Amino acid sequence: MTRAELINEISSKQSYLCVGLDTDPDKIPVHLRDHKDAVFLFNQEIVEATRDHCVAYKINTAFYESQGKAGWEAMEKTLAIIPKTHFTIADAKRGDIGNTSAQYAKTFFEVLPFDAITVAPYMGEDSLRPFLEYQNKWTIVLGLTSNQGSNDFQQLELSEPSGGGKLYQQVMKKVASWGNPDNLMFVVGATSPEGLREIRDVFPEHFFLVPGVGAQGGSLEAVSAAGLNRDAGLLVNVSRAIQYASSDKDFSIRAGEVAAEYHTTMRQLLASQTRH
C-alpha cells in the first residue's frame with residue numbers, strides 16, 4: 001500500500017485505528033476453543049465486526065508462531081480475509097544480518113503479503129536495507145517503546161562527541177536517512193506523549209505506529225494531541241481492549257462496539273484539528 005492510499009483510507013473513513021490481532025488461544029471464548037480453527041474463527045469475527053471502524057490490522061506473529069503449523073496456517077488465513085483496503089502489519093520485530101533479513105523480508109512481503117513489518121534497528125543499516133528495498137511496502141522501526149526495559153538502552157544519554165541526546169533519538173535520526181516518509185514508519189509508545197511530541201517535532205512527515213492505548217493505559221486524546229499531523233500521521237493500535245471486550249458469545253458485538261467508540265473519538269479529534 002502506498003502512502004497516498006493509506007492517507008486516502010484514513011481521510012475517507014476519518015479513523016486512524018489499527019486493531020491488533022494478538023490472539024491468545026487461552027483467551028478465546030470457551031465456545032470456540034474446541035474447534036480446530038478456533039484462532040482463525042475468532043479473528044474472522046473480530047475482523048468482520050471492526051473493519052468499518054479501522055484502517056489497519058496488526059498481527060503479532062509470536063502468538064501464531066508459538067502454535068506451530070496450525071498457528072502459521074491461522075495467520076495466513078487471517079491475512080487473506082482482511083479487506084485489501086486495510087493496511088496490514090506483521091508485528092514480527094525482525095532484524096538480522098543482511099542475507100537473513102532478506103529472507104525475513106521475502107517471508108512477510110511475498111509469501112505472506114503484508115504491507116508492513118516491524119523491525120529492530122540495532123544491528124544497523126544492512127539489517128534493514130532488504131526491507132526498505134521493496135516497493136510499496138513499509139518498514140516500521142522500533143523508535144521509543146513504552147516497556148520498562150526501554151530505560152536500559154533507548155533512554156541512555158550520549159556524550160557530545162556522539163551527538164548528544166538520548167540513544168533512541170540518534171538511532172531514529174540515523175534510520176530516517178536510510179528511508180523516507182513513503183516507506184518508513186516508527187513505533188512510538190502511547191504511554192509517553194511527551195516523548196511522542198518531541199519525536200513529532202523532529203519527524204513532521206513520518207507515520208508513527210502507536211501501541212499502548214487501551215489495556216496498557218495510554219490516552220488516545222493525549223497521543224493524538226502530541227502526534228497528529230496534516231495527514232493524520234498516526235496508526236493507533238488497540239489490541240486487548242477490542243479483542244477481549246467480552247469473553248462470551250457476544251465477543252464480536254462488543255469488539256465492534258468498542259472499535260466504534262474509538263472511531264467516534266478519532267473522527268472528533270480529526271475534525272477538531274482541521275478547525276484549528
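These numbers come from the heavy atoms of this one structure, side chains and all, not from hydrogens, waters or symmetry mates. It should be emphasised that the depicted structure is a prediction, and the values quoted were computed from it without experimental measurement.
Using bins of under 30°, 30° to 60° and over 60° for the plane-to-plane angle, the ring pair Phe186/His206 lands in the tilted bin.
With Trp138 contributing its side chain and Met1 its backbone, the two residues share a donor-acceptor pair below 3.5 Å. Under the 3.5 Å distance criterion, the side-chain polar atoms of Asp96 are left unmatched by any main-chain donor or acceptor of Thr100. One N or O on the side chain of Asn183 and one on the backbone of Asn180 form a donor-acceptor pair closer than 3.5 Å. Distance alone, capped at 3.5 Å, places no donor-acceptor pair between the Gln44 side chain and the Ile81 backbone. Within the 3.5 Å criterion, the main-chain N or O of Ile117 finds no donor-acceptor partner in the side chain of Lys137. Between the Asp231 side chain and the Ile7 main chain, no donor and acceptor come within less than 3.5 Å of each other.
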Residues Asp115, Thr88; criterion side-chain hydrogen bond (donor to acceptor under 3.5 Å, both in side chains); working and verdict
CA-CA 5 Å; Asp115 294 306; Thr88 54; 3.1 Å; yes
Begin from the C-alpha positions of Thr23 and Tyr64 and carry the test side-chain hydrogen bond (donor to acceptor under 3.5 Å, both in side chains) through to its verdict.
CA-CA 8 Å; Thr23 306; Tyr64 301 84; 3.3 Å; yes
Between Arg267 and His263, does a side chain to side chain contact (heavy atoms under 4.5 Å, CB included) hold up when you go through it step by step?
CA-CA 6 Å; Arg267 186 184 291 113; His263 188 183; 3.1 Å; yes
Can you check side-chain hydrogen bond (donor to acceptor under 3.5 Å, both in side chains) on Tyr16 and Ser224, steps first, answer last?
CA-CA 10 Å; Tyr16 43 99; Ser224 300; 2.6 Å; yes
Walk me through it: do Ile199 and Met172 pass the test side chain to side chain contact (heavy atoms under 4.5 Å, CB included)?
CA-CA 9 Å; Ile199 292 170; Met172 291 178 70; 3.5 Å; yes
Using the rule given for side chain to side chain contact (heavy atoms under 4.5 Å, CB included), can you reason through Phe87 versus Glu9, listing the C-alpha separation, both sets of side-chain angles and the distance that settles it, and then say yes or no?
CA-CA 9 Å; Phe87 191 75; Glu9 182 69 8; over 6 Å; no
Which is it for Glu221 and Thr265 under the side-chain hydrogen bond (donor to acceptor under 3.5 Å, both in side chains) test, yes or no, and what are the steps along the way?
CA-CA 8 Å; Glu221 289 80 2; Thr265 302; 4.8 Å; no
Verdict with reasoning, Ile46 to Leu21, per side chain to side chain contact (heavy atoms under 4.5 Å, CB included):
CA-CA 8 Å; Ile46 295 293; Leu21 297 173; 3.9 Å; yes
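Scanning for salt bridge (charged side-chain N to carboxylate O under 4.0 Å, His left out) contacts around Lys249 gives an empty result, with sequence neighbours left out.
Counting heavy atoms from C-beta on, the side chains of Leu270 and Leu228 come closer than 4.5 Å. Put simply, the side chain of Thr78 does not reach to within 4.5 Å of the side chain of Met75, judged on heavy atoms. Between Tyr244 and Asp24, some side-chain heavy-atom pair lies under the 4.5 Å cut-off. At least one side-chain heavy atom of Glu205 sits less than 4.5 Å from a side-chain heavy atom of Arg3. The closest side-chain heavy-atom distance from Val258 to Val238 is not below 4.5 Å.
For the pair Lys77 and Glu73, the salt-bridge criterion is not met [side-chain N within less than 4.0 Å of a carboxylate O]. Using a 4.0 Å cut-off between charged side-chain N and carboxylate O, Glu257 and Arg254 make a salt bridge.
Met123 forms part of a hydrophobic cluster together with Ile97, judged by ILVMFWY side-chain heavy-atom separations under 4.5 Å.
Tested against Ile28, the residues Val39, Asn43, Leu41 include a single side chain to side chain contact (heavy atoms under 4.5 Å, CB included) partner, Val39.
In this structure, Phe42 has its ring center under 6.0 Å from that of Phe251.
Geometric assessment of Arg200 against the ring of Phe208 yields a positive cation-pi assignment under the 6.0 Å and 45° thresholds.
Pairs passing the side-chain hydrogen bond (donor to acceptor under 3.5 Å, both in side chains) check and including a residue from residues 101-111, sequence neighbours excluded, read Glu110-Tyr134.
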